[in-house]
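Contents: one structure, followed by commentary.
Counting from 1, the numbers follow the sequence of the chain as shown.
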Amino acid sequence: MLISSQRLKQLVVAVGAVLALYLLYRMSSSPNPGLEKYDGPRLGVVRRPMPAPFSVGKTAAQPAAAPAPAKVAPAKITTVVKPTTIVAKPTTTAAKPTTTARPTTTAAAATTTVAKPTTTAAATTTAKPTPLVEVIHTGKTYPCLSELCKIKDSCCCSVPPVPKDAKNKPDLNSVPDEKALIDRLKALGIQSGGYWAPTDCKPERLLAIVIPFRNRENHLLIYLNYMHEYLQRQKLAHAIYIIDQVDTLRFNRAMLFNVGFREVMKERNYTCLIFHDVDNIPVDQMLSYRCDAEPVHMSARTDKWNWGLPYGGFVGGVTKQQPWQVQKMNGFPNRFWGWGGEDDDILVRWQHAGLKFHRPYDNQGNYATVKRDHFQSSKPNPDRFHQLQITHSRLQNDGLVNLKYTVQKIIKHELYTRVKVELANLN
């Protein structure tokens, strides 16, 4: 029996209508058929963000209650979990007071620090390290300076806000008159030996600036003309040390860093060290000279390199570290005589000691370079490339462990402490 084409079309339309009615029935019985089992990405669907850690029970209850009011009751199952979570929190909070017992340790440390002024009378000797603030203010009463600042101490120094666009505009071509410079800085409270500490608050750290030096007297005057006031604006208790190489050997910048570390830590327990070239002057007023948890390459952008770096791994100029970090990396290399190479060795030492370094953020770290009489104290090191090739083989036996030098004289100048040294040739 043959079916006409017209009859066949009518049959197909009828079947399609029946299927459509069936699908509508299925969709009406399920609010979101099939999709609730699929957690993958969907076109046109914005996925919900992950719930916050301490509101999981509350957030999980919302999707169950949203589709149909009749299904609100099952949401109580997740709500029941909330009391158990909330009860667990006080146990964690109750444990915190046991950690707050740290003030007892801090208090003990404070009493130890206060006890040290008994050796203040012999501040010129190196018998025991003495807190810098006590040396400077001997014979005077400063309630906020009895010991270093403690956490949440009302006497802690706070740095006055400085506009982000504030710039230091050093005149690097003019050498100031030494006598006039001494009179001006002494009026600002700089003590003999280059010491200073704030009198209205407790400093967080004791900062020592170590400068490797040879025949740079004009550079030093320009440096001092700016740096003492720069550090005062940041309320930093500090001292400036000039490590002056007076022998006839080639200039050894890194070895002088080792000598500086040994000598300044003999004098007192500094908590922050900045190894600073004398011809680098910071331009940014916002650049902090406080030590961080990691080593910092501070002179990240200099005019000498067109306000950039000669290469990505360059860490020359100015760096800051804590004393334990210097010890962990075995100090600095002793075998780079003349200019160049020691910076790359220092970077390898940081990496080998597991010390990650960083550079200043927010486009800071801008330094101007004194170009007057530049590089008169050192000549290029012809052996630097060979020394860099064998850096890894001598990290353990070259540095603080094999350091040899002779201190000729220590001079307490009105604006700094000069340590005159003769280095031993270890090559």
Inset, instruction - Take Leu224 and Glu414 through the side chain to side chain contact (heavy atoms under 4.5 Å, CB included) test and state the conclusion after the steps. - result: CA-CA 11 Å; Leu224 295 169; Glu414 285 89 343; over 6 Å; no
Inset, instruction - Kindly indicate, with the supporting measurements, whether the criterion ring pair (Phe, Tyr, Trp, His ring centres under 6.0 Å) is fulfilled by His238 and Tyr289. - result: CA-CA 10 Å; His238 68 273; Tyr289 266 61; 9.6 Å; no
Inset, instruction - Please step through salt bridge (charged side-chain N to carboxylate O under 4.0 Å, His left out) for the pair Asp343 and Arg253, ending with a clear verdict. - result: CA-CA 10 Å; Asp343 302 325; Arg253 175 176 176 265; 2.8 Å; yes
What I'd like to find out is whether the side chain of [X] reaches to under 4.5 Å of the side chain of [Y], using heavy atoms alone.
X	Y	value
Arg268	Tyr195	yes
Leu236	Pro203	no
Met265	Gln327	no
Gln321	Val326	yes
Asn402	Asn397	no
Leu309	His297	yes
Arg349	Leu395	yes

First locate atom [atom1] of [X], then atom [atom2] of [Y], and finally report the distance between them rounded to the nearest 0.5 Å.
X	Y	atom1	atom2	value
Asp177	Asn225	CG	CG	10.5 Å
Gln234	Leu231	CD	CG	6.5 Å
Phe213	Lys420	CZ	NZ	10.0 Å
Leu347	Leu355	CG	CG	11.0 Å
Leu172	Tyr223	CG	OH	13.0 Å
Ile242	Leu256	CD1	CG	11.0 Å

Taking [X] first and then [Y], would you say they form a salt bridge - that is, a charged N and a carboxylate O separated by under 4.0 Å?
X	Y	result
Asp244	Arg214	no
Lys235	Asp200	yes
Lys404	Glu422	no
Glu267	Lys412	yes

Is the backbone N or O of [Y] less than 3.5 Å from a side-chain atom of [X], with the two atoms forming a donor-acceptor pair by type?
X	Y	value
Asp277	Asn280	no
Glu263	Gly260	no
Gln232	Ala197	no
Ser299	Gly316	yes
Glu229	Met227	no
Thr417	Gly193	yes
Asn330	Leu400	yes
Thr271	Leu206	yes
Asn252	Met255	yes
Asp247	Leu423	yes

Heavy-atom pair of closest approach, residues [X] and [Y]:
X	Y	value
Pro176	Leu181	CG-CD2, 4.3 Å
Asn334	Asn258	OD1-ND2, 2.8 Å
Arg290	Lys320	O-NZ, 2.5 Å
Tyr367	Met298	CE1-O, 3.5 Å
Ala239	Tyr270	CB-OH, 3.5 Å
His276	Ile209	CB-CG2, 3.8 Å

Inset, instruction - Among residues two or more places apart or on two chains, list those pairs meeting disulfide bond (SG atoms under 2.5 Å apart) that have a residue in residues 215-279. - result: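 Every disulfide bond (SG atoms under 2.5 Å apart) pair that includes a residue of residues 215-279, provided the two are not neighbours, is Cys272-Cys291.
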Legend entry - Partner residues of Phe257 under the ring pair (Phe, Tyr, Trp, His ring centres under 6.0 Å) criterion, sequence neighbours left out: Phe275, Phe332
Inset, instruction - Would you please say whether a donor-acceptor pair under 3.5 Å links the side chains of Asp303 and Thr369? - result: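 Yes, because at least one side-chain N or O of Asp303 sits under 3.5 Å from a partner of the opposite role on Thr369.
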Legend entry - Parallel, tilted or perpendicular: ring planes of Tyr416 versus His413, cut at 30 and 60 degrees: parallel
Inset, instruction - With side chain to side chain contact (heavy atoms under 4.5 Å, CB included) as the test, would you mind laying out the steps for His219 and Val278 before giving the verdict? - result: CA-CA 6 Å; His219 290 187; Val278 72; 3.9 Å; yes
Quick one: list whatever passes side chain to side chain donor-acceptor pair (under 3.5 Å) with [X], sequence neighbours left out.
X	result
Arg394	Asp345, Gln387, Asp398
Lys409	none
Glu217	Arg418
His358	Asp292, Glu294

Legend entry - Worked verdict on Asp279 versus Arg216 for side chain to side chain contact (heavy atoms under 4.5 Å, CB included): CA-CA 9 Å; Asp279 56 1; Arg216 296 282 193 96; 3.7 Å; yes
Inset, instruction - Could you walk me through whether Tyr311 and Asp344 pass the side chain to side chain contact (heavy atoms under 4.5 Å, CB included) test, one step at a time? - result: CA-CA 11 Å; Tyr311 52 92; Asp344 302 297; 2.7 Å; yes
